Amino acid sequence: MSRYNAKETEPKWQAKWAEMGVFEVKPDDRPKHYVLEMFPYPSGNLHMGHVRNYSLGDVVARYMTAKGKNVLHPMGWDSFGLPAENAAMEKKINPKDWTYANIARMRDQLKKIGFSYDWTREFATCDPEYYGQQQAMFIDMMEAGLAYRKNAVVNWDPVDMTVLANEQVENGRGWRSGALVERKELTQWFFKISEYSQELLDAIDGLKDWPEKVRLMQKNWIGKSTGLQFKFKTNDAPEGFEELEVFTTRPDTLFGASFAAISCDHPLAKSLETNAEIKAFNEECRSIGTSEEALEKAEKKGFDTGITVTHPFHPDWKLPVYIANFILMGYGTGAIFGCPAHDQRDLDFARKYYLIVTPVVCPEDQNADDFTVGDEAYVGPGRMINSRFLDGMEIEDAKAEVTKRIAADGMGEGVTQYRLRDWGVSRQRYWGCPIPVVHCEKCGVVPEKKENLPIRLPEDVSFDKPGNPLDRHNSFLVCDCPKCGAEARRETDTMDTFVDSSWYYARFTAPHAETPTDAEAADYWMNVDQYIGGVEHAILHLLYSRFFARAMQKTGHLPKKAIEPFNALFTQGMVTHETYATKGTDGRNVWRTPDEVRIADGAATLIETGEAVEIGPVIKMSKSKKNVVDPEDIIDQYGADTARWFVLSDSPPDRDVEWTAAGADAAWKHLQRVWRLASELFDAGGTGTDDDNADLERAMHIAIDDVSKGIESFTFNKSVAALYQLTNAIAKSDADADLRREAMRVMAKLMQPFVPHLAEEVWDAMGGEGLVTGADWPVFDPSKVEDDSVILPIQVNGKRKDEIKVAKSATKDEIEKLALANATVQRILDGAAPKKLIVVPGRIINVVI
RNA sequence: GCGGGCGUGGCGGAAUCGGUAGACGCUGCGGACUUAAAAUCCGUUUCCCGAUUGGGAGUGGGGGUUCGAGUCCCCCCGCCCGCACCA
């Protein structure tokens, strides 16, 4: 009996699949199914998180193929981005060379795992053939008014000389340089995602197969609120500021207003900066503006401008106007009126500056005459008080009434506000998709001619100075104006890498097309039926992709049906591992890799020195904590199937899975056992009894049903358990040898999505025809699992005491008689009669005494 | 603070139209095979008392509905994740 040798077997079958092109697909008569996993950034090393993500996708893809679908399952590379520039600076390598070398390495790693990708469709976002098409779409989006330039305040890193995304600012400092981030006004390119705010929000309800959590996160991110936007008349304000426009979701509380407040970035606040005190205050506000943690602790602070506004319903009622540090310019109008009694922030502010607190909403259980607000604003329901014509109304009616009167006076109107802001896509970086426009002195900003695309990144660039090397690359910079032909200057900003990943799913449907997409191919393959990836992309990537699908549809690059790119989304959990640390000389933790540590009897020591190692918490595998297991090592040691089996076992796919050496070993042992069973059966003879045969058939069909259900419900751990059970059943079975071989072939088919190499080997050994990859999924026959008798548990007062076997056809009366005749029941009853007898046929018997 | 999720043996987890709690796997323990080990196979593994037969407790805690609750309802406790001065 031979041992299963994964090292020889796996490459053999991988070569066979490649040779036969079994994963290469084109449109045909079968129903299509598009399975996509979030493509990786080519850092150079595949990690366990990738293995898990792609194993999950592979299960779905292989299963759907077996079920008769025409499955598109592509893979590519999200290959633009900062790490390549860092590598260029540190190692003096060209970003392109570094990136493509990484891709070659990772492609090799992926191929070793045997994923069912159609490699003919592979591309990298840094391929000019890809980003050139992206540039073409950018131009179309400019024409459609979806891409535009505007002045905006951005996070500017003065050391790296680039814009940083909000996520790249940590405690007010650049994540890489550590420099204090500045707020800088720059002219930037934007995508008009805000035009789709309402639609993106509404369509979330249709995303039935997305996790509820992600749908909520997107809803919150879009952040719709409805309210009243209106203008106050100002007094003693500088010229041009005769009115102050504010937004509120609580127009009902207008009679409780005691101040107005504006952002330090509000034009009015800026115009007052001729006053040195105000200038200093504004700058103080701005300095804490970027750090969210600072915001939490920051005290409510204001500066009384001396300006007042007149209450819209009372010409003599003047409210002071403050510049306040808690007002954001980016939301609403950057100005509010404060009603301290019913808003906590306003209340904190009012208490600090001794402003009036007038309650205008009275809870139903309070007396209007003596209802007061202490340190906690009242935000609950109630009736209006102290509000003239609103008194006695419900809040909602009061909101409507105020809105109606303000609108009638022409001072404002009801509006809807969104938190979602337009997507700033300009990056002052080299390794990204060049924005295909030209700056001409005469013609202004002109899009490049499409026949000149792609605008290629120059390769002869140097990173010896900070900033964007494109800015000092003359042959890139100097160009002809596409409109007038005069000498002009090329845009040097590149696109945010999130743009690259916002449409790659569409490109996969026709990766070599001369246009961004091919109408026929997109029509056949879109939408993605199952998208799988990490929850960390719940907002940005997924929202941008949803926007892009709409933008592409508007510019004619996607069919209307593909307006939502991903029909179903699954977010998988992380791969975690214990952490190991020794104490350094300075008392700090020195992290150790699992390779460096030996664990015996629950205690860990350093292999090299025998030094004691502290076992730390189980957390996501990360380079910084060194708690990583390299998939390549596992493949070398055990084979790809073992890695796949492990990451699919035990934990449900949406939860974290802890990688352990013991678990990997156990996975390997199981696969060995399956192979051993197969080889024992290879030339086994013998017949079994009818009962033995029926039992094995039952086990087979239970497994078919359970494995299928597990896959379809994304609880692959249950499918794995079902496969274990079938293995046990075959091992114990005394059925006919032919039937056992048949069971083994069924198991090969059921295993194929999980451990395809072993499945092929078993299939081959058991005389299966052709490849098991692509073979039809076994059909579940319910009649094989039925039994003509059933075991019913007997409870006494709800506690299980015994069980009886009864014919399935037994009537309630017959079951009752059998139950009462049961020895255990008789003993407990001790001659007494039961109070009640519950019989649920096929389920349970409960004797109540 | 707001929103969401979760709490089941030593561990990962099964069991949700209310119906045998702990499938399956890991670990541990015992045994077989072996000169020995590895590998493999068999048994056992929720806890407590008896210690064979049996009895009791048990799904974070407390209460409720029900013949019957991990599952439904109410009140607590704890953990995790996301968002966070959004007017």
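Within every chain, numbering begins at 1; the chains are lettered A, B, ... in the order of the sequence lines, protein sequences first and strands thereafter. In this text, all values refer to a predicted model and were calculated from it rather than measured experimentally. Atom set for the values below is all heavy atoms of this structure, side chains included, hydrogens, waters and symmetry mates excluded.
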Quick one: side chains of residues 714-730 of chain A, donor-acceptor pairs under 3.5 Å with protein atoms, not counting sequence neighbours, listed by atom name and distance.
residue: A/T715; atom: OG1; partner: A/S713; partner atom: OG; Å: 2.7
residue: A/S719; atom: OG; partner: A/V707; partner atom: O; Å: 2.9
residue: A/S719; atom: OG; partner: A/I711; partner atom: N; Å: 3.2
residue: A/Y724; atom: OH; partner: A/W645; partner atom: NE1; Å: 3.2
residue: A/T727; atom: OG1; partner: A/L723; partner atom: O; Å: 2.7
residue: A/N728; atom: OD1; partner: A/R673; partner atom: NH1; Å: 2.8
residue: A/N728; atom: OD1; partner: A/R673; partner atom: NH2; Å: 3.2

Study note, to complete from the structure: A/E803 meets the salt bridge (charged side-chain N to carboxylate O under 4.0 Å, His left out) criterion, sequence neighbours left out, with A/R800

Side-chain heavy atoms of [X] within contact of [Y], under 4.5 Å:
X: A/L200; Y: A/I193; result: yes
X: A/F230; Y: A/F247; result: no
X: A/L569; Y: A/L207; result: no

Pair assignment for [N], Watson-Crick or G-U wobble, requiring both distances under 3.5 Å:
N: B/rA14; result: none
N: B/rG1; result: B/rC83
N: B/rA69; result: none
N: B/rA38; result: none
N: B/rG7; result: B/rC77

Hey, can you pull the donor-acceptor pairs under 3.5 Å for the side chains in residues 663-670 of chain A, sequence neighbours left out?
residue: A/D665; atom: OD1; partner: A/Y638; partner atom: OH; Å: 3.1

Practice item. Tell me, please, which residues at least two apart from A/W210 pass ring pair (Phe, Tyr, Trp, His ring centres under 6.0 Å). Key: none

Review point. Mind checking what makes ring pair (Phe, Tyr, Trp, His ring centres under 6.0 Å) contact with A/H311, not counting sequence neighbours?
Key: A/F255, A/W317

Check your understanding: What interatomic distance, in whole Å, is found between P of B/rU71 and the corresponding atom of B/rU65?
Key -> 15 Å

**Study point:** Nearest-Å distance once atom C1' is located in both B/rG30 and B/rC67
**Key:** 42 Å

Check your understanding: Reckon A/Y724 touches a base, only the sugar-phosphate, or nothing at all at heavy-atom distances under 4.0 Å?
Key -> sugar-phosphate

Review point. Base, sugar-phosphate, or nothing for A/N728, non-hydrogen atoms under 4.0 angstrom?
Key: sugar-phosphate

Atom [atom1] of [X] and atom [atom2] of [N]: how far apart are they, to the nearest Å?
X: A/F716; N: B/rA23; atom1: CZ; atom2: P; value: 23 Å
X: A/D706; N: B/rC24; atom1: CG; atom2: P; value: 12 Å
X: A/Y418; N: B/rC83; atom1: OH; atom2: P; value: 22 Å
X: A/I794; N: B/rG19; atom1: CD1; atom2: P; value: 19 Å
X: A/R843; N: B/rG19; atom1: CZ; atom2: P; value: 6 Å
X: A/R800; N: B/rG22; atom1: CZ; atom2: C1'; value: 13 Å
X: A/I327; N: B/rC86; atom1: CD1; atom2: C1'; value: 10 Å
X: A/D346; N: B/rA87; atom1: CG; atom2: P; value: 11 Å

**Study point:** RNA chain B: 5'-proximal contact among A/R421 and A/L216 (nearest heavy atom)
**Key:** A/L216

Between [X] and [N], is there a side-chain N or O to OP1/OP2 distance below 4.0 Å?
X: A/R215; N: B/rG4; result: no
X: A/K801; N: B/rG56; result: yes
X: A/Y331; N: B/rA87; result: yes

Review point. If you check the A/W221 side chain, which of B/rA84, B/rG3, B/rA23 turns out closest?
Key: B/rA84

Exercise for review: Report the nucleotide, chosen from B/rC86, B/rA84, B/rG55, that has the shortest atom-to-atom distance to any side-chain atom of A/R827.
Suggested key: B/rG55

Do [range] as a string where each nucleotide becomes B, S or -: B if the base has a protein heavy atom under 4.0 Å, S if just the sugar-phosphate does, - if no protein is that close.
range: nucleotides 59-75 of chain B; value: --------BS-------
range: nucleotides 37-43 of chain B; value: ---SS--
range: nucleotides 7-15 of chain B; value: -----BSSS

Which donor-acceptor pairs under 3.5 Å do side chains of residues 411-421 of chain A form with protein atoms, sequence neighbours excluded?
residue: A/Q417; atom: NE2; partner: A/Q229; partner atom: OE1; Å: 3.1
residue: A/Y418; atom: OH; partner: A/Q198; partner atom: OE1; Å: 2.3

Counting only pairs under 3.5 Å, give me each side-chain donor-acceptor contact of residues 833-841 of chain A, with atom names and distances, residues two or more places apart or in other chains.
none

Study note, to complete from the structure: Sorted by chain and number, sequence neighbours left out, side-chain contact (heavy atoms from CB on, under 4.5 Å) with A/P594 holds for A/H577, A/Y580, A/V629

Exercise for review: Can you sort out the partners of A/D304 under side-chain contact (heavy atoms from CB on, under 4.5 Å), two or more places apart, ordered by chain and number?
Suggested key: A/P320, A/Y322

Check your understanding: Does B/rG9 adopt a syn or an anti glycosidic conformation, taking syn as a chi angle within 90° of 0?
Key -> syn

**Study point:** Point-to-point distance, once rounded to the nearest 0.5 Å, from CD1 of A/I704 to CE of A/M747
**Key:** 12.5 Å

